[in-house]
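Letters A, B, ... are given to chains in the order of the sequence lines, protein chains preceding strands, and every chain is numbered from 1.
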Amino acid sequence: MVNKGKLIFFLLMCLFMSLMVTSSLGAVDISLTEIADSLVIYVTGQKGASLHHRIFIEIRLPRAIMAAMVGAALSLGGALTQAYFRNPIVEPGLLGTSSGAAFGAALYFVFGSALPQFAGSFILPIMACMGAGLSSVMVVGLTKATTLESSSVVNMLLIAIAVNSIFLSGVGFLSYIAKDPQARSITFWSMGNLSGTNWQNLMLVTTVVMVSLVASMRLAKSLNAMVMGARDAAMMGINVKKLEWWVLLINVIMISVVTSFVGIIAFVGLITPHFARLLRGSNQRDILLLSTVLGALFLMWADFLSRMIVRPAELPIGILTSFVGGPVLIYLLRKKAYIF
Amino acid sequence: MVTLEQIKYKINPTLALSNINLCYPPGLVHFVMGPNGSGKSTLMNIINGIIRPDEGRVCYNGCNVHNTSFEKLARQRAMLSQHLEVSFPTRVHQVVMLGRTPYFNYNPSLEDEDICREAMSFFDVLKLGEKNYNELSGGEKQRVQFARVCSQIWDNHSPFSKILLSDEPLTFLDVYYQYDFLEKIKTLVLEKNLIFIAVIHDLNIALKYGDSVALLNQGNVVAQGRAKDVLNVENIERAYRLKPVLMNNGDTSVVTF
């Protein structure tokens, strides 16, 4: 097991370095002095920002931070749901949360222009939240309705497959009936895309992720007890119903806000908690925090690669995460037990 | 003191617990016995507070279980279930520390650490502390679970006697550890003035270690009292539909069929 203090220091250094490297390279390369200059210019409010300065501050930096936040959210969602459902292959995508959010967002893309603009730019995340809430309630509710033992995870995963297919067919239908530009944005977005990032939606995502992280850390003790199963956790004084409610609430809000801005990005939430467990054993406090940081790092570099491979064009990031995630998952499943 | 007053609970259309009145004083080993499907596990779940009976009430030291919060209940009673599996690779020490869950908010205190260590050394699992729980044998897992549930009620300065419940604790143990476990439980019960209530199947163990036995059949308590009085030829034959041979050898009696 790796020393905690050293690990945190190392990962924070990695995060900072990654932020610098990934935001300096791309369709145009920006030097480190230009980065420093642009920060000075914008912090002090001076005039005379060059094109490179503006690209860094208005496009690269928010995008790199957004990638980190999205990775953090997906991984935290994965770690939370894996701990609560006591199953190492659960993730927000498998629970129907992502497809529900996608459906809500697709509704907005196709019919959004007809809606009153009372909530401004927040209407997209709100619609995604509603979709994700609906799909999550369906998965959990149907699992309870169809199984005697409410803790049957296999049954829940099967129901999630059914619910996922319903919502994804809804997304497919919407993109079929949509007029051209909207349809393009749905398809593009269903493979994940960070290019629409601006400081305003980055602020919202950052707030949601930070609040979710703090709330999740407060659940760590209860999630630890869940390792023995729901019944035994209840015997240890855990209010399992309340815990379930919190896990689903955090998951739905966090995943739908993220999904509504950057689309569906698969596999991140599935694999990072495995690495966290490899590094730090099984205390949920460590796993939640570590998954969050690892997810941030992972997605920053995935987004970087998606911009670099076919530059100056971009690959949808979801293609990359799935391509990396599949083999990694198989490798992880091949090992019978984790090493501490 | 654990008391069950006028408990009624419908288990399924054909079986119901009816009119159960039981009283469990501290410092003694109590067994719940009966044939398969007689309602033993349901009764245990009523005693531990998971199931709310249709009528009647369960009290720990005079307090109604269903008016007490989860966490407060967990500081008074621990329950050892038959389920031993842990869903993620976990160190043995951490599994035992789960027992202290109701006592700390964020980090276990030094006292929690001490209690964990005491419980682990009491059940002979201290040397397994750093191992991966999933790689232990069934018997070792069982003993680690004993340490976990006991650490939950280990408290040395509580004015009230704490409650240890268990549903078939001997399932995964070899003969040596079965007797070893009961000797240890007997010591703990006397030392800490615990109330120990367990479902077991072995009539001979019940005769040897039980201070009291409640015999269930088809949802009714057909006999209760001192083990030697309850487990007589007539009651055993009625409950288990087999004619037993009871052999008395001085202080100990042995049942065979």
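- For B/Asn134, no part sits under 4.5 Å from any heavy atom of chain A, backbone or side chain.
- With a 4.5 angstrom heavy-atom cutoff, B/Leu73 does not touch chain A via any of its atoms.
- The side-chain heavy atoms of A/Met235 and B/Leu80, taken from C-beta on, include no pair separated by under 4.5 Å.
- B/Gln218 CD: 12 or fewer foreign heavy atoms inside a 6.0 Å radius.
- The CE atom of B/Met97 sits 11.0 Å away from the CG atom of A/Asn224 when rounded to the nearest 0.5 Å.
- Looking at B/His83, its side chain never comes within 3.5 Å of a backbone N or O of A/Gly229 through a donor-acceptor pair.
- With a 4.5 Å cut-off on non-hydrogen atoms, B/Arg100 does not touch chain A at all.
- The shortest distance between side-chain heavy atoms of A/Lys242 and B/Phe70 does not fall below 4.5 Å.
- Nearest approach of A/Arg86 to B/Ser87, heavy atoms of both residues: CB-OG, 3.3 Å.
- There is no contact between A/Arg218 and chain B, counting heavy-atom distances below 4.5 Å.
- For the side-chain contact (heavy atoms from CB on, under 4.5 Å) with A/Ser282, the qualifying choice from B/Val86, B/Thr90, B/Val95 is B/Thr90, the only one to do so.
- In this structure, B/Tyr106 and A/Arg285 approach most closely via the heavy-atom pair O-NH1, 3.3 Å.
- Atom CE of A/Met228 sits about 11.0 Å away from atom OG1 of B/Thr101, to the nearest 0.5 Å.
- Shortest non-hydrogen contact noted between A/Val227 and B/Leu98 is CG1-CD1, 3.7 Å.
- The shortest distance between side-chain heavy atoms of A/Asp232 and B/Arg148 falls below 4.5 Å.
- Counted within 6.0 Å of CZ on B/Phe160, heavy atoms from surrounding residues, nucleotides or ligands total 12 or fewer; the atom is thus considered open.
- For the pair B/Glu71 (side chain) and A/Asn239 (backbone), a donor-acceptor distance under 3.5 Å is absent.
- Proximity to chain A is limited to the backbone of B/Glu85, based on heavy atoms less than 4.5 angstrom apart.
- How far CD of B/Gln94 is from CD of A/Gln284: 8.5 Å, rounded to the nearest 0.5 Å.
- At most 12 heavy atoms of other shown residues, nucleotides or ligands fall within 6.0 angstrom of atom CZ in A/Phe9.
- In this structure, the side chain of A/Lys221 does not engage the main chain of B/Asn105 through any donor-acceptor pair within 3.5 Å.
- A/Asn87 touches chain B through its backbone: at least one of N, CA, C or O sits under 4.5 Å from a heavy atom, while the side chain does not.
- No part of A/Ala233 comes within reach of chain B, as not one of its non-hydrogen atoms sits under 4.5 angstrom from that chain.
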